[in-house]
Amino acid sequence: MRTRFNQALVLIALIASTLVPIDANAVEIPTPSSTAFQQTTGRDAGLNIGDWYTNAAGGDTIHHIDVEVGCNWPATTPITIAIFDPEINTAYGNGAPYAIDEIRGTADTAQFQLRSPGGGVLVPWRSFTPTNGSDGRWVEILTFRPADLPAGDRCGTFLLESEVSDGNPATPEDDDNSWRLKANHDPDCGISPGTCSTVGAASSSLMADGDEVDNPDGIAGTGDELAIGYTRASQQHGGAGTTCQDYWFFDDGSTGPTFSVRNFDMDGSGSITYYPPSGSPASIPGSVSTNAAWASNTLNTDLGWWRTAVCINSGNQYIFDGIAGRTVYFAVPPAEPSMSITKDDGVTNALAGDTLTWTLTFQNNSVQGSGGAPAFDVTISDTLPTGTTFSACSIAPPLT
């Protein structure tokens with residue numbers, strides 16, 4: 001006769017977090033202090049230029065930049081998405097942050113499109129010609145209230161797409177467009193069309209006057225923040241000599257004991273260094289790609305946020321990819337919880353007919369404001385061992 005035990009489950013919840021106020025600013029990529037900038041290249045440029053994704057001989061696709069809106073962002077608080085220097089023009093000279101375009105022959109047209117989390121088009125392809133007036137200036141792409149969007153589109157990942165395409169098959173599309181992107185609540189900008197919708201010096205100044213907010217409650221990790229990353233993009237460094245840019249990506253262990261990351265067209269110069277979440281080893285040197293080629297680096301799984309320092313010569317366009325299909329972030333990663341769980345039934349031996357009372361205790365060990373965050377929508381499941389049947393459970397309020 002099969003021995004069966006009864007089991008009762010007691011769930012005890014302990015949430016540890018400390019709220020630390022932080023300064024609120026605009027989320028911008030690359031970060032204002034960085035010498036790097038986004039660079040989108042036309043499909044007819046050589047692969048040696050450095051943009052495999054947009055090249056006809058490479059991916060022949062477009063760039064994808066992720067603008068992430070936390071689901072606790074106040075639905076009635078407007079969000080402004082703006083691009084710095086969207087047009088291709090060598091006459092740049094309107095001050096920092098620096099973004100220098102490269103024109104090969106006749107200047108091409110840059111285009112940007114914005115999609116909602118559900119995939120719908122919020123802003124259809126918007127073209128910036130070399131005489132668009134946006135050179136060296138911030139240009140509003142859209143200011144919107146999440147409350148005005150369908151329920152499924154009010155938070156999540158908004159997708160900005162970019163390409164260099166003048167629509168004329170008789171002329172090569174081979175220029176480089178260098179630009180930056182930021183997202184924030186800007187009290188100077190009304191819902192589009194509003195104060196910031198006109199392209200020019202006045203609206204650019206309004207969007208860069210320091211009153212922008214990306215974290216309405218001023219506390220890191222409460223789910224109302226904005227973040228920007230990318231899944232398909234290329235960068236170029238300005239400044240003098242060799243400069244470095246930090247990138248972050250997340251390893252959740254789903255790829256198995258190892259995973260691969262790659263880089264493109266670093267011309268065999270500079271360096272790539274990986275920093276595991278556990279700090280052991282302290283750092284891992286990576287392989288640097290040669291001209292117009294990919295280099296892949298295989299790393300052992302280490303759960304959490306990996307930092308990667310890419311150091312490269314000024315003027316060199318390249319691609320750094322994290323784990324395939326996952327977002328890469330600049331400078332700092334988004335806040336994440338750090339969960340732990342323990343389980344104990346308090347007995348060593350049991351007889352048929354006994355009742356076992358198991359206690360599950362889980363805890364969020366992260367500290368908000370120091371890279372940690374609260375844990376929302378936590379689900380805990382416990383598989384009953386062979387020979388037992390479920391009896392009952394109790395859960396400590398306010399959990400359900």
Asker: With sequence neighbours left out, write down each residue that passes side-chain contact (heavy atoms from CB on, under 4.5 Å) with Ala202, or none if nothing qualifies.
Answerer: none
Asker: Looking only at side-chain N and O atoms, does Ser116 offer a donor or acceptor that is under 3.5 Å from a partner on Asp153?
Answerer: yes
Asker: Run the ring-centre check on Phe128 versus Trp179 and record whether the distance is less than 6.0 Å.
Answerer: no
Asker: Taking atom types as modelled, find out whether Thr298 and Thr258 have a side-chain donor-acceptor pair closer than 3.5 angstrom.
Answerer: no
Asker: Between Tyr247 and Gln235, do the side chains contain a donor N or O and an acceptor N or O under 3.5 Å apart?
Answerer: yes
Asker: If the condition is salt bridge (charged side-chain N to carboxylate O under 4.0 Å, His left out), which residues does Asp211 pass it with, not counting sequence neighbours?
Answerer: none
Asker: Using salt bridge (charged side-chain N to carboxylate O under 4.0 Å, His left out) as the criterion, list what pairs up with Asp148, not counting sequence neighbours.
Answerer: Arg145
Asker: side-chain contact (heavy atoms from CB on, under 4.5 Å) with Arg115: which residues, sequence neighbours excluded?
Answerer: Gln113, Val121, Leu159, Glu161
Asker: Salt-bridged, Asp85 to Arg137, with N to O below 4.0 Å?
Answerer: no
Asker: What pairs of residues pass the ring pair (Phe, Tyr, Trp, His ring centres under 6.0 Å) test when at least one of them lies in residues 200-234, not counting sequence neighbours?
Answerer: Tyr230-Phe330
Asker: For Thr131, give me all partners under side-chain contact (heavy atoms from CB on, under 4.5 Å), at least two apart in sequence or on another chain.
Answerer: Thr129
Asker: Using salt bridge (charged side-chain N to carboxylate O under 4.0 Å, His left out) as the criterion, list what pairs up with Asp246, not counting sequence neighbours.
Answerer: Arg307
Asker: Which label fits Trp305 and Phe250: parallel for a plane angle under 30°, tilted from 30 to 60°, or perpendicular past 60°?
Answerer: perpendicular
Asker: How many angstroms lie between atom OG of Ser234 and atom CG of Asn55, to the nearest 0.5 angstrom?
Answerer: 10.5 Å
Asker: Under the salt bridge (charged side-chain N to carboxylate O under 4.0 Å, His left out) test, which residues partner Arg262, sequence neighbours left out?
Answerer: Asp321
Asker: Only pairs at least two apart or in different chains count here, so list each disulfide bond (SG atoms under 2.5 Å apart) that has a residue in residues 236-280.
Answerer: Cys244-Cys311
Asker: Using only heavy-atom distances, determine whether the side chains of Asp267 and Ser269 contain a donor-acceptor pair under 3.5 Å.
Answerer: no
Asker: Return yes if a side-chain donor-acceptor contact under 3.5 Å exists between His64 and Tyr53, otherwise no.
Answerer: no
Asker: Run the side-chain contact (heavy atoms from CB on, under 4.5 Å) test against Thr327 and tell me which residues pass, sequence neighbours left out.
Answerer: Asp66, Glu68, Thr231, Tyr329
Asker: CG of Asn177 to OG1 of Thr41: how many Å apart, nearest 0.5 Å?
Answerer: 8.5 Å
Asker: Return the minimal non-hydrogen interatomic distance between Asn48 and Asp265, and the atom names on each side.
Answerer: O-OD2, 3.1 Å
Asker: Check whether the ring centres of Tyr318 and His237 lie less than 6.0 Å apart, and answer yes or no.
Answerer: yes
Asker: Applying side chain to side chain donor-acceptor pair (under 3.5 Å) as the test, list every pair that has at least one member in residues 270-281; sequence neighbours left out.
Answerer: Tyr274-Asn297, Ser278-Asp302
Asker: Give every residue pair that meets the side chain to side chain donor-acceptor pair (under 3.5 Å) criterion with at least one member in residues 189-200, sequence neighbours excluded.
Answerer: Glu140-Ser192, Glu140-Ser197
